[in-house]
Novice: 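Below you will find the structure I want to go over with you.
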Amino acid sequence: MVVAGCAGSEEGESGGTDTFIEPTTTQPTNWQFNHLNLTNPFAHEMQSDPLQRYHIANEEFDSYAVSVEEFSGETAVLKVRDGLTWHNGDPGDPVNADDLYTKLATDAIIGDTISTLWTDMQRAGDKSVELTLDGTVNERLFMDALNYYWLETPHRLYRDYVERWEDATTDDEVADIRSDLRNDAFDEPKGNGPFQFEERTNNYLRMSLYEHHPDADNINWDYWEIQRVSTDTASVLLGGEVDGIRNYTAPESVFESAPDDLLHAQLPALWGHSLPFNHEDEDFGNIYVRQAICEFIDRDACASNYGRFGQPVEAPSGLVGNIDGQNEQSDRWRNKVSDEMAEQLHRYDDPERGRRLLEGEGYQKDDGEWYRPDGSRFEVTVKTVAGFNDWHPIYETIVDNLNAEGIAAELQQIEESAYWSNHYLAGDFQLASTGWTLQRSSPYYVFDMYYNIDPEFMNLSPDDLEAPPMGDPDGELESVDPRGLMEELLVTQDDAEATSLVDELAWITNQTMPMLQINEINDPVWFYTDDWEVPEPDSPKYQSKWPLWWFPRFGDLQAK
């Protein structure tokens, strides 16, 4: 490989193992530094610190930039880590309660996850903020909500937005603030993490070790560089142009050609591929047609064709935990429901039942081809993203399965720039492709995606949903209230009650199929080990998102 630090352009040249290099395909001079403006934002995970670390394998949380100091009754007190300072001096300003308050306020402005859990907040000291929760929120769900957040909002830069939000009295005013915030672009880099901005050109952005960071002593090199490379990631990786990649699902040819000093390990992605239904479609608005389609799709084949990093969802119901960190099938999903419910959830692997369901709804199969009740051919289109090549084998398998059953299916590939905005998010599809979780393990947040976040995209009306009675899949449909159950789940303090509520939500999801959960995948991380030391691939240290960001902070990535 090109030795770490020696791959830099002339402008970015560095030597030996004093620089860790990761790739980008974006021109660094196009970046701006407001991460809440989604147009060319630069918000690097080594530049700012995450609130906490979540261990996927044992489902435990460790505080990092922020700790939960108190959680009792209907309040929670969050506190910033001692010694954390901004990169605006030597050392810069301490990260304090104003900055944490700003983080939570900007989260509320854009309507993100944490903001759904509290109704009021106050500064509670130099480094602490007290939240008044929306009822007696379940502590574990609260902790899960803090995952994958970075503390990257210095009050001095976001003050105007926070003060406008404090004065706002209507949803329209907040919407205006959100629009302004989303469109603002910062020229000034910001951060409190172990590496701080140094310089950038058209070909690289360089950060240097921030010696005042509390974990700086665990890092024995000087620079972190993001280098512009080609979009052929396999070539970039095999050519040794980088020292590591956070996450890259490589084709099999990369594994076969990888040199001995190129290490890869993997961790559960906490998501997988799914098949959303358009619930206003003439066919797929019918629960029994959705169930029939699910019976015809071979999830084992979908996962197998995806490659070595996927496992099929055993009982589609919105429960994460179908794959472990070594790419083997896992039944950890069963821990989230009662044993009785785990057995009752339908597996959707019975094509004969699918045929009976279609016939029961007036569909007819003649000479191996299915026809609708009005006599027209049963035709479906599955839409997917043209550039997501690793997704294609899954949806091609689905199309093959449906065609083999006698349903005229086709795959339509659409450019990413149009797919999300004009098709999936616009609800303009029969069958589509997307992920089936938002990368959180708690069932609550998966159900939140189905019944609060994505129903508009799927033209689903959770308030009008019907499902068979629990445990009786052939029973008469009856009204269900997934949102009401979720409200109860969010605040219950009783484990048995929480399991009972998840049982009900899993059953509703398993029967109504807002979208079919197909597989669950692992994310591979890559390191070159000629100049760098990292844990062995089977180490539990890989089981937190993401090893590339956590290893430096804890001394698990070392320059040789």
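These figures come from a predicted structure and were not determined experimentally.
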Novice: Assess, by modelled atom type and distance only, whether the side chains of N278 and N459 contain a donor and an acceptor separated by less than 3.5 Å.
Specialist: yes
Novice: Taking atom types as modelled and ignoring hydrogens, do the side chains of T29 and Q27 form a donor-acceptor contact shorter than 3.5 angstrom?
Specialist: yes
Novice: Can you confirm if the NZ or CZ of R206 lies within 45° of the ring axis of Y223 and under 6.0 Å from the centre of its six-membered ring?
Specialist: yes
Novice: Can you tell which of R200, Q47, E225 makes a side-chain contact (heavy atoms from CB on, under 4.5 Å) with L205?
Specialist: R200
Novice: Ignoring hydrogens and geometry, is there a side-chain-to-backbone donor-acceptor pair from T492 to L489 under 3.5 Å?
Specialist: no
Novice: Please walk me through it: do Y149 and Q52 pass side-chain hydrogen bond (donor to acceptor under 3.5 Å, both in side chains)?
Specialist: CA-CA 8 Å; Y149 273 96; Q52 67 182 12; over 6 Å; no
Novice: Looking at side-chain heavy atoms only, is the closest gap between L438 and Y445 below 4.5 Å?
Specialist: no
Novice: Side chains of D93 and R156: does their closest heavy-atom pair fall under 4.5 Å?
Specialist: yes
Novice: Could you tell me whether the side chains of T381 and E410 share a donor-acceptor contact shorter than 3.5 Å?
Specialist: yes
Novice: Side chains of Y419 and Q413: any donor to acceptor distance under 3.5 Å?
Specialist: no
Novice: Is it true that the side chains of D523 and W546 contain a donor and an acceptor less than 3.5 Å apart?
Specialist: no
Novice: Please confirm whether K541 makes a cation-pi placement over F551, using NZ or CZ under 6.0 Å from the six-membered ring centre and within 45° of the ring normal.
Specialist: no
Novice: Checking side-chain contact (heavy atoms from CB on, under 4.5 Å) against C302, which of I518, V313, L275, L516 comes through?
Specialist: I518
Novice: Testing Y158, F42, W31 one by one against F186 for a ring pair (Phe, Tyr, Trp, His ring centres under 6.0 Å), which residue passes?
Specialist: Y158
Novice: Does a donor on one side chain sit under 3.5 Å from an acceptor on the other, for D144 and S442?
Specialist: yes
Novice: For the ring pair (Phe, Tyr, Trp, His ring centres under 6.0 Å) test, which of Y306, F309, F388 pairs with H273?
Specialist: Y306
Novice: Does any N or O in the side chain of W150 come within less than 3.5 Å of the main-chain N or O of M46, such that one atom is a donor and the other an acceptor?
Specialist: no
Novice: Would you check if the side chain of R290 reaches a backbone N or O of P514 as a donor-acceptor pair within less than 3.5 Å?
Specialist: no
Novice: Using the six-membered ring wherever Trp is involved, compare the ring planes of H44 and W549 and label them parallel, tilted or perpendicular (cut-offs 30° and 60°).
Specialist: perpendicular
Novice: Main chain of V525, side chain of R246: is a donor-acceptor contact present, judged purely on distance under 3.5 Å?
Specialist: no
Novice: Would you say the side chains of N322 and E520 form a donor-acceptor pair under 3.5 Å?
Specialist: yes
Novice: For a side-chain contact (heavy atoms from CB on, under 4.5 Å) check, start with the C-alpha distance between L146 and V66, then their side-chain angles and the critical distance, and finish with the verdict.
Specialist: CA-CA 9 Å; L146 301 181; V66 168; 5.7 Å; no
Novice: Hey, does I21 have a side-chain heavy atom less than 4.5 Å from the side chain of D243?
Specialist: yes
Novice: Mind checking whether W391 and Y395 have parallel, tilted or perpendicular rings, split at 30° and 60°?
Specialist: tilted
Novice: Counting N and O atoms only, with roles assigned by atom type, does the side chain of R483 sit under 3.5 Å from a partner on the main chain of D463, one being a donor and the other an acceptor?
Specialist: no
Novice: Look only at the side chain of T19 and the backbone of W224, and say whether a donor-acceptor pair between them is shorter than 3.5 Å.
Specialist: no
Novice: Would you say the side chains of T102 and T153 form a donor-acceptor pair under 3.5 Å?
Specialist: no
Novice: Just wondering, do L267 and S544 contact through their side chains at under 4.5 Å, heavy atoms?
Specialist: no
Novice: Under a plain distance cut-off of 3.5 Å, with no hydrogens placed, do Q227 and N203 share a side-chain donor-acceptor pair?
Specialist: no
Novice: Less than 4.0 Å between a side-chain N and a carboxylate O, is that true for D49 and R553?
Specialist: yes
Novice: Is there side-chain contact between V162 and E166, with heavy atoms separated by less than 4.5 Å?
Specialist: yes
Novice: For D454 and Y424, which I'm curious about, is there any donor-acceptor pair between the side chains at under 3.5 Å?
Specialist: yes
Novice: Run the salt-bridge test on R440 and D448 with the 4.0 Å N-O cut-off and return the result as yes or no.
Specialist: no
Novice: Under the criterion salt bridge (Lys or Arg N to Asp or Glu O under 4.0 Å), I'd like the reasoning laid out for K127 against E69: C-alpha separation, chi angles, the key distance, then a yes or no.
Specialist: CA-CA 11 Å; K127 292 180 176 293; E69 293 294 292; over 6 Å; no
Novice: Would D215 and R81 pass as an ion pair if we require N to O under 4.0 Å?
Specialist: yes
Novice: Quick one about Y444 and N138 (side-chain donor to acceptor, distance below 3.5 Å, no hydrogens or angles considered), yes or no?
Specialist: no
Novice: Would you give the length of the straight line joining atom CG of N37 to atom CG of N183, rounded to the nearest 0.5 angstrom?
Specialist: 6.0 Å
Novice: Is there a side-chain contact between L157 and F33, using heavy atoms and a 4.5 Å cut-off?
Specialist: no
